[in-house]
Amino acid sequence: RDRVATRFLGSRCLVPVAPRFSEGLAFVAMAFKATAALTDVGAMQAVAGGIAEAEKLGFKVTVAVCDAGGHLLAMRRMDGAMPVSGDIAAGKARSAVMFARETKLLEAAVNGEKSKGGERAALLTSGHVLMEGGIPIVDPSSGRIVGAVGVSGVKPNEDAAVAAGAVQALAKPASKL
């Protein structure tokens with residue numbers, strides 16, 4: 001049971017009451033939690049890794065990286081990539097972090113087993129891009145999702161291969177920028 005006391009106000013209103021000083025330290029410890037975060041350098045490193053993978057495979061794509069809240073940190077659209085690929089890549093990254101799983105799994109859930117990449121019903125969902133090519137970034141020391149990579153511009157499985165290359169780039173030490 002919570003140790004935060006409440007005070008009766010009016011007919012049905014309970015308001016939290018500050019704990020006594022002796023209970024204050026325990027109260028503060030419950031209010032905050034240590035966490036990990038993807039840095040600007042890490043986001044740029046992931047984008048660079050994704051671009052390198054795309055170049056190696058001969059693809060023209062957009063690579064986007066978002067933080068744990070789904071907010072865009074870094075993005076690069078390669079010369080020759082479709083203009084819309086920026087919106088789609090950012091949406092894939094955001095969807096991967098908000099649903100805490102690869103977007104490939106979300107697309108399969110929407111399209112069923114028939115999905116071979118030709119169906120795009122998942123693109124029309126309510127504000128989320130549920131298409132293969134978004135992969136969460138997990139902090140290896142805490143196991144927490146700290147962001148995600150989204151890629152768009154080629155076939156869904158090819159987008160996913162580039163996104164995997166971007167995530168793998170984070171396992172390498174960052175170069176000095």
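Counting from 1, the numbers follow the sequence of the chain as shown.
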Does [X] share a hydrophobic cluster with [Y], counting links as ILVMFWY side-chain heavy atoms below 4.5 Å and allowing steps through other members?
{"X": "Leu38", "Y": "Ile51", "value": "yes"}
{"X": "Leu106", "Y": "Val162", "value": "no"}
{"X": "Val84", "Y": "Phe59", "value": "no"}
{"X": "Val65", "Y": "Val61", "value": "yes"}
{"X": "Val47", "Y": "Leu73", "value": "yes"}

For the student: nearest non-hydrogen atoms of [X] and [Y], plus distance:
{"X": "Gly42", "Y": "Thr39", "answer": "N-OG1, 3.0 Å"}
{"X": "Met98", "Y": "Gly69", "answer": "SD-O, 3.8 Å"}
{"X": "Ala93", "Y": "Gly150", "answer": "CB-N, 3.4 Å"}
{"X": "Val167", "Y": "Pro136", "answer": "CG2-O, 4.2 Å"}

I'd like to know if the side chain of Glu53 and the backbone of Ala166 have a donor-acceptor N/O pair within less than 3.5 Å. no
Quick check for you: to the nearest 0.5 Å, what is the distance between Lys60 atom NZ and Met82 atom CE? 13.5 Å
ring-ring contact (aromatic ring centres under 6.0 Å, His included) pairs, two or more places apart, involving residues 74-109: Phe99-His128
If you define the side chain from C-beta out and look only at heavy atoms, does anything of Arg76 sit under 4.5 Å from Val63? no
Residues which pass side-chain contact (heavy atoms from CB on, under 4.5 Å) with Val97, listed by chain and number, not counting sequence neighbours: Cys66, Ile145, Ala148
Could you go through the side-chain contact (heavy atoms from CB on, under 4.5 Å) check for Thr103 and Val129 one step at a time? CA-CA 8 Å; Thr103 54; Val129 181; over 6 Å; no
If a pair satisfies side chain to side chain donor-acceptor pair (under 3.5 Å) and one of its residues is in residues 83-99, list it, with sequence neighbours excluded. Thr62-Ser85, Lys92-Asp159
